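Below is one structure, written out as structure tokens; comments come after it.
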There are 2 protein chains.
Amino acid sequence: MTRSPLAPTGFPYLPPVAGVTLRVARAQYKTWDRCDLTFVTLDEGTSVAGVTTTSKCPSPEVEWCRDALVLGKARALVVNAGNSNAFTGNRGRAAVEAIAARVAQHLDCQPSDVFVSSTGVIGVPLPIDKAEAGLDAAFAAQPCGWEDAARTIGTTDTFEKGAVTTAVVGGRTVSLVGIVKGSGMIAPDMATMLGYVFTDAAVDPAFLQRALSDANRKSFSCITVDSDTSTSDTVLAFATGAADNDPLTDDDGDGADAFRAALADLCMQLAHLVVRDGEGASKFIRIDVDGAESDTSAHRIALSIANSPLVKTAIAGEDANWGRIVMAVGKAGEPADRDKLAITFGGVQVASGGLAVEGYDEAPVTAHLKGQDIEIGVDLGLGEGRATVWTCDLTHGYISINADYRS
Amino acid sequence: MTRSPLAPTGFPYLPPVAGVTLRVARAQYKTWDRCDLTFVTLDEGTSVAGVTTTSKCPSPEVEWCRDALVLGKARALVVNAGNSNAFTGNRGRAAVEAIAARVAQHLDCQPSDVFVSSTGVIGVPLPIDKAEAGLDAAFAAQPCGWEDAARTIGTTDTFEKGAVTTAVVGGRTVSLVGIVKGSGMIAPDMATMLGYVFTDAAVDPAFLQRALSDANRKSFSCITVDSDTSTSDTVLAFATGAADNDPLTDDDGDGADAFRAALADLCMQLAHLVVRDGEGASKFIRIDVDGAESDTSAHRIALSIANSPLVKTAIAGEDANWGRIVMAVGKAGEPADRDKLAITFGGVQVASGGLAVEGYDEAPVTAHLKGQDIEIGVDLGLGEGRATVWTCDLTHGYISINADYRS
């Protein structure tokens, strides 16, 4: 797979997070020559929070994680790549249970302390024997680094995605490291694909859940590649507590604020990396909608623009076809007044008050569209609602990848 | 433009409709060598009904037609191709008013008797001088046939679209003839692109409106090419009354039923022709959803499947990737129970009860997907709600057409 032209130049340096040990192995879920099972062990006392897909057809892994999240603690994470195990009935459920049981046996913990995700083709039960053999191999393997783990959780991804940030909490500097995978079937609704955040901070699970939900709402829930929401979307945050700070709660003032901000920043970095690996993407597109009747309305309008095949193909063609943006605003089903609408490309106003700006300077707009980072602004002129959404363009690459991908 | 592989072998024979006179002319809205202005005159006493886009950014033509429809009568229809005149502020409105005034002067009627549509690029005011010169030329031209008119209203269409049917009303056989244009920006919400139906029957305008709205709901509102709803979607039905039957109303029993059925049949034929000319289409796809909680819910789920880029590219790749259908059902936001879901391709059940049908015969499914007409069935197993939607696949052709189309 050719590396996305929007990929960063390399994988960033991600420091170890105390209390987190990474291992990878070959379960051979597909006939490929690569590691496809990631096994993360977490020190005792690790708290966990998560957000999962709102799909009505979730994978058994998603259901398992939802149940386990209620308890708020974690000892391990297993990620299988190459098979999503979704829509596989009781056999799929049995595979998840077998994985959790095997890990619980290895670590002498409860199965409910084990979080499981799978990604890949839908409808094929995950083979239990391969999963168990893979787990045994992983358990025996040497620990690895973040880049290996980030590579191992990927499927159609063209580069490894990870990010790091820090926060000062109770006088201690804690680190937050995250990895994520995703390239197609990206239109997260509460969460996206598979993303994992690890911190050495000690964090109360309820606080961690609220902080993650908030961060997610402004990051993963604001990206779309192709409007298709996965059956397996999951973002989990693990806090090992190895930094030995007093466990963070909502009452911790500055420390809580710093942690929330760091988590939000990390989720945003990871979400952008997913868009930058959008299937076939050649442009990274930011869409800002202002002046809507509410933030929710602004978000829906921004998604209507971001998911419009005609807008996405126009950007691919480097065409400042703002008429298609008018179309996408109009079809969103949200309050809008054609004659108050204003549109900018790269900050240059091209339409306002219901018609084109007479004689606007096309040169900077054309130059902007030839770049890789495209900014579209829409002002509805109705109220104070605003939202930002990130997406990529729609190119021949997307068609090639998805018309050729065999089920 | 290469003729769509899904096009019918030729344009059907469409008989003249008494009371309807067609003319075409060159207004040269673009620098092209073709007729682009269609001028239809209608005998006095013609009643009219219409459905228009629900876009919040409608074209001034759509607004003009909505106002004129209140009066229920028509003497002329003007269709401009190459410029949609949408999002052009007062200048766009002035162009529509000038066209109506010019026609009213030629025909000695009221401007409100003149219906106007325009299709093409958004955001460029329709040049009034070209429109007026084109109208004058059309008025002086010899009448033409349906195929010429169907060609003249087209833009990115690759073939002319027309259909005919008849109904027996009050002992008289009346004909219903329709033409339609549309290929991209097709996700009608109440109506699609531009469609015109003509009948020699005498029909009460209120009855005509109800019959058209019903027909539209089951035809144009059930097709999608790319999920993008146009700013200009309009379907108008004109009844000249030249057949001299007693004007049809809801009280006319069999005659009313026959007319309703004929109109519904005609709209369905025309809607299917639009899908068959979907930009880049290589497959005509029918999606039946049964067992939903309501018809509305079934319709939304069917559209979620039909608009999914991953489903559309799978069909383009002739891949029975029913996992993507599970995904599209799951993301629709409508009631669904993964473990009651059943899916068929060409009538062959491939998944049921929340998992793949063990050892189903792949041969007929593979053969079905290699054909041009694809049938996907989804049974939700929840209730009695059902809906059918028609769409096409998503191919490199769509990208080529829309990334290269210059604004």
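So that the names make sense, note that chain A is the first sequence line, chain B the second, and so on, each numbered from 1. Just so it is clear, the structure is predicted and the values come from calculations on it, not from any experiment.
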Taking all heavy atoms of [X] and all of [Y], pick out the closest pair and write down the distance.
X	Y	result
B:Arg338	A:Ser59	NH1-C, 4.0 Å
A:Gly123	B:Trp322	CA-CH2, 3.4 Å
A:Ile399	B:Leu394	CD1-CG, 3.5 Å

Any [X] side-chain heavy atom under 4.5 Å of [Y] side chain:
X	Y	value
A:Ser400	B:His396	yes
A:Met327	B:Ile122	yes
B:Tyr398	A:Leu310	yes
B:Asn402	A:Lys312	no

Residues of residues 352-368 of chain A contacting chain B, heavy-atom criterion under 4.5 Å, by residue number: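 From residues 352-368 of chain A, the residues near chain B are A:Gly354, A:Leu355, A:Ala356, A:Glu358.
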Pick from A:Gly323, A:Gly330, A:Pro335 with the largest number of heavy-atom pairs that fall under 4.5 Å of chain B: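 Of the candidates given, the most pairs with chain B belong to A:Gly330.
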Contact origin within [X] toward chain B - heavy atom pairs under 4.5 Å:
X	answer
A:Leu341	both
A:Ser308	both
A:Pro58	both

If you tally heavy-atom pairs under 4.5 Å against chain A, which of B:Ser84, B:Gly89, B:Pro309 wins?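 Option with the top pair count is B:Pro309.
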Could you give the distance from NZ (A:Lys331) to CG (B:Asp233), rounded to the nearest 0.5 Å?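 Separation between the atoms: 11.5 Å.
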Distance in Å, B:Lys56 NZ paired with A:Ile301 CD1, rounded so as to fall on 0.5 Å steps: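 Spacing of NZ (B:Lys56) from CD1 (A:Ile301) equals 8.5 Å.
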Within 6.0 angstrom of A:Arg93 CZ, more than 12 heavy atoms from elsewhere: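 Yes, CZ of A:Arg93 has more than 12 neighbouring heavy atoms, counting only those of other groups under 6.0 Å.
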More than 12 heavy atoms of other residues, nucleotides or ligands under 6.0 Å from CG of B:Asp337: is that the case?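 For B:Asp337, atom CG is crowded (more than 12 foreign heavy atoms under 6.0 Å).
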